[in-house]
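The structure appears below as structure tokens.
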Amino acid sequence: MALKSAMAVTGVILVLFLIAHMYGNLNAFAGQEAFDTYSHHLRELGEPMLPHGGFLWIMRVVLLASVLIHTYAAVALWRRAGRARPVRYQVTKRVQRSYSSYTMRYGGIMIALFTVFHVLHLTTNTIHPGGRSESPYERMVAGFQPEFWYVTLFYVAAVIAVGFHLRHGIWSALATLGINRQSRQRSLNIIATVIAAALTIGFLLTPLSVTFGLVE
Amino acid sequence: MNITLRVWRQKGPDDKGRMVTYKVEDVSPDMSFLEMLDVLNERLILEGEEPVAFDHDCREGICGACGVVIDGEAHGPETTTTCQLHMRSFSDGDTITVEPWRAKAFPVIKDLVVDRGAFDRIIQAGGYISAPTGTAPDAHASPVPKADADRAFDAATCIGCGACVAACPNASGMLFTAAKVTHLGMLPQGQPEREARVVQMVNQHDEEDFGGCTNIGECAAVCPKGIPLDTISQLNRDLLGSLSSGAAE
Amino acid sequence: MKDLYIEGDEIRDEKAPAGPVAERWDQRRFSAKLVNPANRRKLSVIVVGTGLAGASAAATLGEAGYQVKSFCYQDSPRRAHSIAAQGGINAAKNYRNDGDSIYRLFYDTVKGGDFRSRESNVYRLSQVSVEIIDQCVAQGVPFAREYGGLLDNRSFGGVQVSRTFYARGQTGQQLLIGAYQALERQVQAGTVEMNTRHEMLELIVVDGRARGIVARDMVTGEIETHFADAVVLSSGGYGNVFYLSTNAMGCNVTATWRAHRKGAYFANPCYTQIHPTCIPVSGDYQSKLTLMSESLRNDGRIWVPNEAGDTRDPREIPEEERDYYLERIYPAFGNLVPRDIASRAAKNVCDEGRGVGPGGLGVYLDFADAIKRLGRPAVEAKYGNLFDMYQRITGENPYEVPMRIYPAVHYTMGGLWVDYDLQSSIPGLFVTGEANFSDHGANRLGASALMQGLADGYFVLPNTINDYLAAGPFEEVDESTPEAGEAAEAVRARIDKLLSINGNRTVDSFHKELGHIMWDYCGMERNEEGLRKAVERIRELREEFWQNVRVLGENEELNQSLEKAGRVADFFELAELMCIDALHRRESCGGHFRSESQTEDGEALRHDDEFAYVAAWEFGGTGEPPVLRKEPLEYEYVEMKQRSYK
């Protein structure tokens with residue numbers, strides 16, 4: 001039970017982060033200056049109470065902790081589920097379950113791998129298709145050029161996986177936190193779908209715009 | 001109708017078990033699924049093969065004894081108990097796969113028969129109201145709003161068949177537990193033990209090696225009595241409430 | 001007729017107090033000995049069966065501090081067949097202020113039982129009914145409520161007061177879950193030891209007292225002996241002797257029959273209730289019959305075609321070619337005549353060849369008029385779940401085509417004879433619920449089976465058993481006690497015999513054939529010739545059974561054929577006694593209609609001068625005729641009248 005609550009709470013933190021992250025991304029449409037200033041300001045947030053980059057580090061610690069707890073809980077529940085059904089069915093059938101709930105676990109792994117790549121690519125710039133740059137905006141634009149279609153494709157696939165993960169994840173977190181009622185069940189599922197779809201589209205917009213030359 | 005059955009046969013708890021294929025001929029569409037198994041068993045006995053063991057009793061959908069997984073669905077293609085499933089839900093020439101409930105908490109005893117004692121132990125842990133015989137006040141002493149009484153009833157219709165566990169990808173028994181927590185928690189008589197009850201029942205649930213709930217909803221979808229999924233949310237709410245108020249100790 | 005039985009001395013209920021009927025229960029509770037709470041934990045009680053009567057008794061005795069061992073053949077006590085009761089439970093609460101009272105419930109029940117039950121017992125049942133509702137509500141049983149939050153009541157089974165409490169169409173389920181939870185609470189508290197998947201196969205009697213049982217662990221096959229200071233049988237009724245009935249597949253007579261063979265009298269075995277509104281048989285493969293609530297008769301009209309052999313679609317049969325026979329014969333009550341009368345009338349029209357559906361064993365229950373009058377939504381709101389159930393089973397839509405119904409065996413009023421304390425003729429053996437014979441006489445009214453089961457288990461037995469246990473603990477007994485060893489040995493021998501025959505017929509085929517004999521000759525209508533033939537055929541079939549049954553597998557495993565074989569073997573013996581009982585009672589009363597005893601217009605005719613007694617049968621020995629012991633019935637409060645519904 002503690003596992004599920006931890007999963008729900010950390011999940012909610014990560015969703016809030018994603019919303020902020022998407023807002024940041026969408027700055028790309030306001031041009032290089034806006035985008036770079038945004039990322040610069042992230043480091044100045046909370047100054048002078050906090051040292052330069054302090055807020056960002058707090059964020060990173062919180063996020064990392066959330067990811068670790070979320071993953072730990074997920075793995076624990078997964079293993080428990082495996083133990084709970086040692087002999088599998090020969091025939092299985094999904095009765096009502098959504099594709100998104102079906103792909104929670106493998107989708108989660110994919111998202112974790114993607115996150116590592118994403119940080120190496122755009123945060124640390126260790127991986128640098130299209131060359132290194134000090135400007136976050138340039139890193140992004142360079143990385144999603146048409147000739148690196150496979151990078152874009154990977155991002156698209158990952159973002160869609162995130163969308164599916166959120167579709168079930170948001171609903172599940174709300175249910176675990178005791179918010180579901182029979183009368184609300186439909187609405188909560190719609191809310192989860194809408195948030196998941198909005199985030200998916202929001203995250204797809206930026207890289208695809210670069211690939212298709214709408215942002216240069 | 002002629003049917004091909006693939007049935008799980010397992011001699012005893014320690015046997016490995018295997019699928020065995022049988023042909024059943026001249027099946028009437030008006031037969032219940034269990035009557036079709038009866039017909040097979042009568043034939044097997046005359047052929048000198050031990051009949052397929054399966055649990056069943058009332059055969060009217062209320063005792064909760066019967067239950068097998070049919071073509072991957074708990075209680076088969078209709079939302080009802082196995083005993084109320086009729087052969088008209090299948091077609092001539094179908095191959096039907098029949099398996100027992102699969103969960104560590106429900107070990108197979110023989111063929112399609114499993115031990116669901118874990119459910120009784122969850123009830124023992126707190127699924128009751130302590131009201132020894134003779135201590136009751138007049139039945140009208142505490143009125144219950146109709147909406148609450150109806151919701152309590154909806155949850156109380158659980159027949160303890162175990163289909164929720166069988167259908168859950170995690171083999172979780174949370175819908176069963178939540179149905180009882182909700183039934184008793186909706187009534188004024190259930191309030192004094194409400195906080196302790198949920199904690200004890202969930203602890204017992206976890207000790208019985210059921211999986212954890214991840215809100216997938218297959219349980220409520222196969223439930224022959226339509227126990228609503230939101231009972232699990234109600235359980236979660238009660239549980240968070242009792243954990244934060246310290247009732248867990 | 002005396003070739004089939006011997007008549008012994010009369011018996012009396014020694015425990016029932018005299019005096020005003022309203023004070024008898026108080027008096028008995030006062031005169032009964034008590035057991036000091038500290039001594040209770042030294043005393044043990046075995047309870048067999050976990051239906052309403054058994055679970056409530058085990059829970060209550062556990063709460064009182066006795067050491068209880070509870071047994072059920074199902075995988076969980078929650079599955080006992082009380083769970084299938086639909087209608088409701090009566091209680092003389094008079095919450096409706098409609099003139100109900102304890103006395104009126106008492107009066108209705110004695111009259112409904114066709115003057116073959118005891119006034120003292122029925123009065124106590126009515127008194128206790130009030131406490132049952134309180135108890136169940138306190139346990140969290142979600143009875144139907146009105147918008148003001150108070151309990152709803154309805155009128156049931158043609159009574160003029162609304163005294164029936166209900167929980168949708170699942171009252172039995174909700175009451176049983178309440179008792180089950182109370183039982184599991186005691187399991188947790190350590191006062192009750194629960195033995196599921198255990199079947200009682202023999203009673204252990206030591207020095208004339210019931211001291212234990214032999215039970216088979218149905219998973220491992222182990223033959224176990226269990227001992228206690230008293231044994232309570234709450235093992236239900238024996239309707240499955242008819243093979244097809246509304247009982248659960250596992251319901252059986254073995255516990256009570258084995259006790260009968262050890263000396264407990266079996267009372268009124270021929271009193272069987274045949275319920276008029278069941279879904280008809282659809283084929284030979286049929287394994288059980290499903291009841292449709294009696295409430296359907298409030299709005300449905302029952303009819304058959306005028307002409308025999310009319311196979312037209314019912315909707316194409318014009319009004320003037322239909323026979324609404326209940327309305328025709330019983331204009332005052334019409335479709336709402338009591339169960340026994342409605343059942344027999346259906347049988348009569350089917351015997352005339354006017355029955356409908358497969359095999360001509362069915363009559364129409366038509367809602368076309370009700371739908372026209374009330375509108376489909378109103379009918380749906382009232383009966384929707386029943387219509388759905390009907391459609392699921394038959395594949396027919398009752399909103400469009402009339403339902404088909406036929407009577408089916410539903411309840412057995414007979415059972416082990418008990419005195420006012422619910423003690424059988426074996427000291428220390430108590431019997432509660434449907435397993436005893438006590439409260440319903442020759443016919444049970446709707447919504448009173450649940451009442452009796454819970455009355456016995458929660459309130460009567462826990463008070464009366466003290467009187468017996470006060471003399472305990474009794475002398476220590478264990479496996480080495482000769483009577484225990486012999487009982488276990490007898491069980492093993494029987495099982496070995498069943499497994500070794502290896503004949504050519506399955507257990508079910510014998511059971512079906514026995515069921516046909518019973519239904520044809522000891523069903524809704526009986527006569528001397530038929531019953532004599534039945535006794536003969538039962539004996540032949542039993543003989544064949546013991547030579548030609550095939551039971552595969554072994555004892556040391558879950559063996560469902562073996563379980564069934566043991567039960568059917570006992571049904572054979574019971575069936576013979578039922579026929580003998582039916583044969584000797586040359587009168588029509590309640591569920592027992594003898595064609596030799598009817599009025600000029602074909603109605604049941606009782607003979608109070610000759611048969612106003614309980615027929616308690618004593619086992620005469622294997623192969624020997626049973627001994628009839630009569631307990632005379634006296635009516636001080638309710639005047640004996642012939643029933644009339646015209």
Side-chain angles (χ1 to χ4, degrees), chain B residues 11-12 28-31 34-35 38-39 42 45-46 48 50-51 53 55-60 62-65 80 84 86 88 109-110 113 115-117 119-120 123-125 127-133 135-140 143-146 149 152-153 156-157 160 183-184 187 189-190, chain C residues 59-60 63 74-79 81 83-84 93 95 133-135 137-140 142 145-151 167-168 170 173-174 177 181-182 184-185 187-188 196 219 248-250 282-283 285-288 290 392-395 458-459 462 506 508-509 550 552-553 557-558 560-561:
Chain B
K11 184 92 180 113
S28 156
D30 289 328
M31 276 181 189
L34 297 185
E35 285 167 348
D38 289 342
V39 168
E42 288 289 286
I45 292 170
L46 294 178
E50 269 201 61
D55 260 329
H56 64 104
D57 205 19
C58 78
R59 294 210 178 180
E60 49 187 287
I62 193 74
C63 76
T80 184
Q84 293 291 290
H86 284 72
R88 67 181 77 93
I109 294 173
K110 182 177 181 178
V113 177
D115 178 359
R116 286 168 290 196
F119 272 4
D120 287 336
I123 298 297
Q124 283 159 24
Y128 49 73
I129 289 170
S130 299
T133 307
T135 57
D138 185 86
H140 271 174
V144 184
K146 185 164 165 50
F153 185 90
T157 55
H183 161 207
L184 300 176
L187 297 170
Q189 291 82 4
Chain C
T60 306
E63 287 160 3
Q74 299 90 341
D75 71 322
S76 162
R78 68 179 296 150
R79 308 211 194 281
H81 198 56
I83 204 154
K93 279 281 196 187
Y95 278 160
I133 302 301
D134 299 341
Q135 178 61 31
V137 166
Q139 288 170 343
R145 286 181 186 265
E146 297 176 321
Y147 282 97
L150 300 177
L151 295 166
R168 289 188 209 158
Q170 285 145 268
Q173 180 198 25
Q174 293 310 314
I177 296 295
Q181 286 168 193
E184 294 294 3
R185 177 171 163 260
V187 172
Q188 181 81 348
T196 59
V219 176
M249 302 300 285
S282 65
Y285 49 80
Q286 188 105 12
S287 59
K288 97 146 248 154
T290 304
R392 178 165 289 144
I393 292 172
T394 63
Y458 281 133
F459 297 105
T506 63
D508 276 358
S509 83
R550 176 180 287 194
L552 300 173
E557 60 173 344
L558 180 78
Q560 293 175 324
S561 300

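Lettering follows sequence order; numbering is per chain, from 1. Quick caveat, the model's predicted, so the values are computed rather than measured.
- Here the NE2 atom belonging to B/H86 is positioned 9.5 Å from the CZ atom belonging to C/R392, to the nearest 0.5 angstrom.
- Put simply, the side chain of C/R145 never gets that close to the backbone of B/A149: no donor and acceptor are under 3.5 Å apart.
- Chosen from B/P29, B/G12, B/G190, B/S28, the residue pairing most often with chain C at heavy-atom distances under 4.5 Å is B/S28.
- Contacts between C/E146 and chain B at a heavy-atom distance below 4.5 Å involve the backbone alone (N, CA, C, O).
- With chain C as partner, the option from B/E35, B/H140, B/K110 having the largest number of non-hydrogen pairs under 4.5 angstrom is B/H140.
- Here C/L150 is the residue among C/D75, C/L150, C/T60 with the most heavy-atom pairs under 4.5 Å with chain B.
- For C/L558, the parts lying near chain B are the backbone and the side chain together; criterion is any non-hydrogen pair under 4.5 Å.
- Residues C/P77 and B/D120 come closest through the heavy atom pair CD-OD2, 3.7 Å.
- Side-chain contact, C/R185 with B/S130: a donor N or O sits under 3.5 Å from an acceptor N or O.
- A donor-acceptor pair is defined here as one N or O able to donate and one able to accept, closer than 3.5 Å; no such pair exists between the side chain of B/E42 and the backbone of C/T506.
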Next on the checklist: For a side chain to side chain contact (heavy atoms under 4.5 Å, CB included) check, start with the C-alpha distance between C/H81 and B/D57, then their side-chain angles and the critical distance, and finish with the verdict.
Outcome noted: CA-CA 8 Å; C/H81 198 56; B/D57 205 19; 5.6 Å; no
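- In this structure, chain B has a heavy atom under 4.5 Å from the side chain of C/E63, while its backbone stays farther away.
- Ranked by heavy-atom pairs shorter than 4.5 Å toward chain B, the options C/D508, C/L151, C/I133 are led by C/L151.
- Contact annotation for B/V39: only side-chain heavy atoms (C-beta onward) come within less than 4.5 Å of a heavy atom of chain C.
- Comparing C/Y95, C/Y147, C/F459 by heavy-atom pairs within less than 4.5 Å of chain B, the highest count is held by C/Y95.
- Note that the OG atom of C/S76 and the CZ atom of B/R116 stand 8.5 Å from one another [nearest 0.5 Å].
- Both the backbone and the side chain of B/P132 come within less than 4.5 Å of a heavy atom in chain C.
- With values rounded to the nearest 0.5 angstrom, B/T157 atom OG1 is found 6.5 Å from C/Q173 atom CD.
- Rounding to the nearest 0.5 angstrom, the gap separating the CZ atom in C/R78 from the CZ atom in B/F119 is 8.5 Å.
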Item to check | Worked check of side chain to side chain contact (heavy atoms under 4.5 Å, CB included) between C/Q139 and B/Y128 | outcome: CA-CA 7 Å; C/Q139 288 170 343; B/Y128 49 73; over 6 Å; no
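- Residue C/S282 touches chain B through its side chain alone, counting heavy-atom pairs closer than 4.5 Å.
- Taking every heavy atom of both residues into account, C/A248 and B/C58 meet most closely at CB-CA, 3.7 Å.
- Summarising the geometry, atom CD1 belonging to C/I177 is positioned 8.0 Å from atom CD1 belonging to B/I123; distances are rounded to the nearest 0.5 Å.
- With chain C as the partner, the residue from B/R88, B/E50, B/Q189 showing the most heavy-atom pairs under 4.5 Å is B/R88.
- Using a 4.5 Å cut-off between heavy atoms, B/D38 contacts chain C through its side chain alone, with no backbone atom that close.
- Ranked by heavy-atom pairs under 4.5 Å with chain C, the list B/I129, B/I62, B/I109 is led by B/I62.
- When the candidates B/L46, B/L34, B/L184 are compared by the number of heavy-atom contacts under 4.5 Å with chain C, B/L46 comes out ahead.
- Remark: side-chain polar atoms of C/Q174 are paired, donor with acceptor, to backbone N or O of B/A156 under 3.5 angstrom.
- Contacts with chain B were tallied for C/Q188, C/E184, C/M249, C/R79; C/R79 has the most, counting heavy-atom pairs under 4.5 Å.
- When B/G117, B/A125, B/P145, B/G127 are compared by the number of non-hydrogen pairs under 4.5 Å with chain C, B/G127 comes out ahead.
- A donor atom on one side chain and an acceptor atom on the other are not found under 3.5 Å apart for B/E60 and C/T290.
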